[in-house]
S.K.: 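Here it is: the structure, laid out below.
One-based numbering along the sequence shown. Just so we're clear, the structure is a prediction, and the values are computed from it rather than from any experiment.
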Amino acid sequence: MKWLTSAEGDAQWNLAQGNLPLRASETSLPEYQTYIKEYPGVEKLVANLANAKQARPTVSGYVEMSRYVGEAIAKAMQGAATPKAALDEAAAKSRQALAGG
C-alpha cells in the first residue's frame, strides 16, 4: 500500500490511467509531463487542487449525494431546470441517500 500511494506508484497507476495525481509533489515527476501532454488543460485543474482545504467526507451516501448535486448543476446550466428546482431535487435525493436508503 505504501508503494501504491508513493509518487512512483501514483505515476504508474493514476497518471497512466488519466486520473488526477494524489498530491502536488507528483507534478515534478517526468511522468507528469507526459500526462499533461496527453490531457491538455489538465494542469490548470491540478493547479486548482491547491484550493481544496477539506477532504470529502467518508460517510455512507456521500458518493450519491455528490452525483445528485453534479447532475443538478448540469441541469441548471443546460436550462433543463431552474437552479432552485434542480437543487431541491438533489437535496431530496441526497436526504434519502445519506439516510442509507
S.K.: Show the nearest heavy-atom pair for residues Ser28 and Ser25, with the distance to one decimal.
M.R.: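 Reported closest heavy-atom pair: OG-O, 2.8 Å.
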S.K.: Hydrophobic clustering (ILVMFWY, side-chain heavy atoms < 4.5 Å, transitive) - are Leu49 and Tyr39 grouped together?
M.R.: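 Looking at the clustering, Leu49 is in the same group as Tyr39.
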S.K.: Do Asp10 and Leu29 have side chains that approach each other closer than 4.5 Å (heavy atoms only, starting at C-beta)?
M.R.: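 They are not in side-chain contact.
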S.K.: Verify the cluster assignment for Leu15 and Leu45: are they in a single hydrophobic cluster under the rule of side-chain heavy atoms below 4.5 Å apart?
M.R.: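 As far as the 4.5 Å side-chain criterion goes, Leu45 and Leu15 are connected within one cluster.
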S.K.: Only distances under 3.5 Å count here; give the side-chain donor-acceptor pairs of residues 62-87 to other protein atoms, sequence neighbours excluded, each with its distance to 0.1 Å.
M.R.:
from  : atom 1 : to    : atom 2 : distance (Å)
Lys75 : NZ     : Glu89 : OE1    : 3.0
Lys75 : NZ     : Glu89 : OE2    : 3.4
Thr82 : OG1    : Ala85 : N      : 3.1
Lys84 : NZ     : Asp88 : OD2    : 2.7

S.K.: Output the distance between atom NZ (Lys44) and atom CD1 (Ile36), rounded to the nearest 0.5 Å.
M.R.: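 So the NZ of Lys44 and the CD1 of Ile36 are separated by 11.0 Å.
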S.K.: Roughly how far, to the nearest 0.5 Å, is the CD atom of Glu38 from the CD atom of Glu31?
M.R.: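 It comes to 13.0 Å.
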S.K.: Looking only at heavy atoms, which two atoms of Ser6 and Arg23 are closest? And how far apart?
M.R.: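 Here Ser6 and Arg23 meet closest at C-NH1, 3.9 Å.
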S.K.: Treat each ILVMFWY residue as a node, draw an edge where side-chain heavy atoms are under 4.5 Å apart, and state whether Val46 and Leu22 are in one component.
M.R.: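 Val46 and Leu22: separate clusters.
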S.K.: So, do Glu43 and Tyr32 sit near enough that their side-chain heavy atoms are less than 4.5 Å apart?
M.R.: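 Yes - at least one pair of side-chain heavy atoms lies under 4.5 Å apart.
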